[in-house]
Amino acid sequence: MLSSTNIHSKLGKGITPESFIEKMRPKYKETLDRYYNLFTWEAHNREAIAPLKQKEDIQCSILAGDWCGDVHRNLGPILEVMKEAEIPTEIFIMEEHDDLMEQFLTMGGRSVPKVILTNKEGDVLFSWGPRPAYIQEPMIAFKQLNLDADNPVLDEERQKAYEGIFARYGKNGDYQKLVVYELTNQLLQL
């Protein structure tokens, strides 16, 4: 039975990261490539990941959509960490796996990418996403306002949250350090 604590029934039913990227619509692939190409291990502690290569029972499932700006920005560093740690990774297209997405909502919403680390039995060890905690803070503040759909300031407050998120992502790849740091720290606790 699929749940937020075990996804065994989904394991092996995703696609490879290469297939996901290959199937992306051209304008979205261009954006992903632009951010992915900003990644370099020189800015990260690659050695910290080395102990993970000894763990053979970890698997990574990623919920994603080719249209999502957070996927464009974060998928590159996510995939690089998993590749460096030698963790088998598969991608589930969000719209094709509603049952999985419903188990990993973010503040009640469908947000991607969502990285789900499991053991071989599908037991969820941790999940991460859709963006680093620091970058997510403006959205958390917006959600805590708990505005009704008919509230006249709803759109204005939502726009402020997105502006805060974009500002924290910045114009270059510095934010990628947060992605690598958060994932690495979680993985090293396994």
Side-chain angles (χ1 to χ4, degrees), residues 1-24 32 35-36 39-41 43-66 68 70-136 139-140 175-190:
M1 170 106 174
L2 184 64
S3 73
S4 62
T5 60
N6 188 289
I7 64 166
H8 186 265
S9 64
K10 296 301 268 189
L11 296 182
K13 295 183 179 168
I15 60 176
T16 66
E18 296 78 18
S19 293
F20 174 77
I21 292 169
E22 186 178 293
K23 290 180 180 185
M24 290 180 83
L32 171 76
Y35 288 108
Y36 204 146
F39 187 88
T40 171
W41 276 107
H44 310 287
N45 184 0
R46 191 178 212 163
E47 294 77 35
I49 296 172
L52 295 168
K53 295 178 183 182
Q54 312 309 318
K55 296 184 180 244
E56 296 179 10
D57 63 334
I58 301 173
Q59 297 185 165
C60 177
S61 301
I62 302 171
L63 278 157
D66 76 342
C68 179
D70 290 307
V71 169
H72 303 156
R73 287 175 177 86
N74 298 320
L75 188 61
I78 293 166
L79 293 177
E80 289 298 317
V81 168
M82 297 308 151
K83 186 168 35 173
E84 185 65 24
E86 299 177 3
I87 296 173
T89 302
E90 61 184 331
I91 294 184
F92 294 86
I93 297 171
M94 171 182 150
E95 295 83 0
E96 296 174 10
H97 296 275
D98 285 334
D99 55 344
L100 185 59
M101 185 75 250
E102 286 301 313
Q103 298 300 319
F104 294 92
L105 301 177
T106 301
M107 296 181 294
R110 299 163 65 90
S111 300
V112 291
K114 188 62 93 166
V115 178
I116 308 159
L117 274 291
T118 66
N119 60 21
K120 298 244 189 262
E121 289 77 40
D123 297 319
V124 176
L125 306 171
F126 76 87
S127 66
W128 179 94
R131 53 185 77 98
Y134 169 71
I135 296 172
Q136 181 71 347
M139 184 56 68
I140 292 169
Y175 73 89
Q176 293 181 348
K177 292 175 187 172
L178 299 172
V179 178
V180 173
Y181 177 79
E182 289 181 12
L183 286 173
T184 302
N185 279 349
Q186 288 279 8
L187 286 164
L188 291 172
Q189 293 178 35
L190 300 179

Test side chain to side chain contact (heavy atoms under 4.5 Å, CB included) applied to T89 and I78, step by step: CA-CA 10 Å; T89 302; I78 293 166; over 6 Å; no
Could you tell me the separation between the [atom1] atom of [X] and the [atom2] atom of [Y], rounded to the nearest 0.5 Å?
X	Y	atom1	atom2	result
S9	L11	OG	CG	8.0 Å
S3	H8	OG	NE2	12.5 Å
D66	L32	CG	CG	9.5 Å
S111	Q136	OG	CD	7.0 Å
Q103	I116	CD	CD1	9.5 Å
I49	L188	CD1	CG	8.0 Å

Can you name the ring-ring contact (aromatic ring centres under 6.0 Å, His included) partners of F39, sequence neighbours left out? W41, H44
On a heavy-atom basis, which atom in [X] and which in [Y] lie closest, and how many Å separate them?
X	Y	result
M107	M139	CE-CG, 3.7 Å
L117	I58	CD1-CG2, 3.4 Å
E182	A133	OE2-N, 2.9 Å

Is it true that a side-chain atom of [X] and a backbone atom of [Y] form a donor plus acceptor pair closer than 3.5 Å?
X	Y	result
N74	D70	yes
Q176	Y35	yes
K120	E56	yes
Y175	I135	no
N119	L125	no
E90	G12	yes

Pairs involving residues 92-102, ordered by first then second residue, that meet salt bridge (charged side-chain N to carboxylate O under 4.0 Å, His left out) (sequence neighbours left out): K10-D99, D98-R110, E102-R110
Has K53 got more than 12 heavy atoms of other residues, nucleotides or ligands less than 6.0 Å from its NZ? yes
Under 3.5 Å, is there a donor on one side chain and an acceptor on the other for K114 and T106? yes
Would I62 and F20 count as a side chain to side chain contact (heavy atoms under 4.5 Å, CB included) if you check the C-alpha gap in whole Å, the side-chain angles of each, and the deciding distance to 0.1 Å? CA-CA 11 Å; I62 302 171; F20 174 77; over 6 Å; no
Would you say [X] and [Y] make side-chain contact, with heavy atoms under 4.5 Å?
X	Y	result
K55	L187	no
V124	T118	yes
W128	V179	yes
P130	V112	no
F92	M101	no

Sorted by chain and number, sequence neighbours left out, side-chain hydrogen bond (donor to acceptor under 3.5 Å, both in side chains) with E86 holds for none
